[in-house]
*Asks:* 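Before I ask anything, here is the structure I am working with.
Residue indices begin at 1 and follow the sequence shown. Remember, it's 1-based here, ligands and their atoms both numbered in the order they're listed. All values reported here derive from a predicted model rather than from experimental measurement.
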Amino acid sequence: MIKIAPSILSADFTRLGEEVRTVEEAGADYIHIDVMDGHFVPNLTIGPLVVEAIHRVATRPLDLHLMIEPVEPYLAEFAKAGADSITIHVEATRHLDRALHFIRELGCQAGLALNPATPLQTLAEVLPLLDRVVLMSVNPGFGGQSFIPYLLPKIKTLRQEILSRGLSVELEVDGGIKVDNIAAAAAAGADTFVAGSAVFSQADYAAVIRQLRANAEGAFEQRQ
Ligand code: DX5
Ligand code: ZN
């Protein structure tokens, strides 16, 4: 039920293949890959070439988070590189419906990310088309930032919406997730958690992932 998706943005890039294998053995459910373009967000990270290399070593689904604009011209290339899920930003396309259908046609799961200050109303129409919603709990661009507290009521509202519409969309929260705040996000209704610096800053990835999962599971089960 609870999924932990380590973000390789905080991994040691000189040993990327080894890091992916180690974090999978440590219990990662997905490998979260942050793609940044220096335009939609103020940072540059990785492209399809590196995704393709990760795909060769990974056994877990690749959860791609595209922070790029325009995004449409690159969807096919990322699918071909081995993405299992492609998440695009609602703020980065004018033709959301078309882009989401295209991701599905490429054989990938479709995800939609919202920046912290973007209202939930922007996904109302497309919610049934989605495999996951990614609520950004930091302003995208960098790992290691702090969780923005006003995300908690936003997570709660989205969970209620998903339940009331009888959908099975994953509710992923991305940014600033740590062992000591994951329970609050789970209690609000998130079921999937990106964790970059929380995992890769520790020597024992398995211990952190186990702790993150335990804290999230308890809180998710007991949520009101
Ligand atoms: C932020 C990225 C996140 C980030 C998470 O733009 O989308 O996935 O790497 O890193 P932490 O967990 O360190 O906030
Ligand atoms: Zn991300």
Side-chain angles (χ1 to χ4, degrees), residues 2-13 16 19-20 23 26-47 50-51 54 58 60-69 71 74 78 83-92 103 108-118 130-152 154-155 170-186 190-202 205 208-209 211-213 215-216:
I2 294 295
K3 302 232 164 63
I4 306 293
S7 162
I8 55 107
L9 190 59
S10 295
D12 177 352
F13 275 60
L16 193 50
E19 290 274 70
V20 169
V23 88
D29 296 292
Y30 301 145
I31 300 296
H32 185 84
I33 304 179
D34 288 306
V35 175
M36 306 186 184
D37 67 350
H39 170 73
F40 180 70
V41 286
N43 195 4
L44 282 164
T45 56
I46 67 180
V50 177
V51 173
I54 294 170
R60 298 288 174 176
L62 302 187
D63 174 30
L64 259 68
H65 177 193
L66 303 187
M67 288 159 273
I68 63 176
E69 185 185 14
V71 64
Y74 302 100
F78 279 111
D84 293 281
S85 170
I86 297 183
T87 292
I88 61 174
H89 266 261
V90 67
E91 304 87 358
I103 292 171
C108 296
Q109 291 193 343
L112 187 62
L114 271 63
N115 281 336
T118 300
L130 301 175
D131 294 291
R132 62 182 45 76
V133 175
V134 178
L135 291 184
M136 294 307 301
S137 41
V138 296
N139 290 294
F142 305 94
Q145 304 181 81
S146 299
F147 184 90
I148 297 174
Y150 67 65
L151 256 291
L152 292 175
K154 191 177 184 183
I155 295 168
E170 269 184 22
L171 202 174
E172 180 168 316
V173 60
D174 184 3
I177 293 291
K178 310 279 176 201
V179 163
D180 62 8
N181 65 10
I182 193 169
D191 54 19
T192 304
F193 303 86
V194 176
S197 50
V199 172
F200 288 100
S201 66
Q202 301 298 309
Y205 302 165
V208 198
I209 293 173
Q211 193 65 60
L212 287 166
R213 195 187 304 283
N215 293 358

*Asks:* For ligand 1, would you mind listing the residues that have at least one heavy atom less than 4.0 Å away, ordered by chain and number?
*Replies:*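 Correct list: S7, L9, H32, D34, M36, H65, M67, M136, P140, G141, F142, G143, G144, D174, G175, G176, V194, A195, G196, S197.
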*Asks:* Kindly write out the residues that satisfy ring pair (Phe, Tyr, Trp, His ring centres under 6.0 Å) with H65, not counting sequence neighbours, or none if the list is empty.
*Replies:*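 Partners of H65 by the ring pair (Phe, Tyr, Trp, His ring centres under 6.0 Å) criterion, ordered by chain and then number, come out as H32, H89.
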*Asks:* Check I4, V208, I182 against R213 for a side chain to side chain contact (heavy atoms under 4.5 Å, CB included) and give me the one that passes.
*Replies:*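 Per the side chain to side chain contact (heavy atoms under 4.5 Å, CB included) rule, the option paired with R213 is I4, out of I4, V208, I182.
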*Asks:* S137 side chain to I148 main-chain N or O, any donor-acceptor pair under 3.5 Å?
*Replies:*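 Not a single qualifying donor-acceptor pair exists.
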*Asks:* Above 12 or not: heavy atoms from other molecules or residues under 6.0 Å from CZ of F147?
*Replies:*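 Yes.
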*Asks:* So, using ring pair (Phe, Tyr, Trp, His ring centres under 6.0 Å) as the criterion, who are the partners of F142 when residues are at least two apart?
*Replies:*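 F142: no ring pair (Phe, Tyr, Trp, His ring centres under 6.0 Å) contacts found.
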*Asks:* Among E91, H39, M36, find the residue that satisfies the side chain to side chain contact (heavy atoms under 4.5 Å, CB included) test when tested with M67.
*Replies:*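 Between M67 and the candidates, side chain to side chain contact (heavy atoms under 4.5 Å, CB included) is satisfied uniquely by M36.
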*Asks:* At a cut-off of 2.8 Å, what protein N/O/S atoms sit near the Zn ion (ligand 2)?
*Replies:*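 Metal shell, protein only: H32 NE2, D34 OD1, H65 ND1, D174 OD2.
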*Asks:* Which of these passes side chain to side chain contact (heavy atoms under 4.5 Å, CB included) with E172: L135, V194, V133?
*Replies:*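 Exactly one candidate clears the test, V194.
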*Asks:* For T118, is there any backbone N or O sitting under 3.5 Å from a side-chain donor or acceptor partner on N115?
*Replies:*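 A pair under 3.5 Å: no.
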*Asks:* Name the residue from D63, V50, I46 that meets the side chain to side chain contact (heavy atoms under 4.5 Å, CB included) definition with I33.
*Replies:*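 Exactly one option meets the side chain to side chain contact (heavy atoms under 4.5 Å, CB included) with I33, and it is I46.
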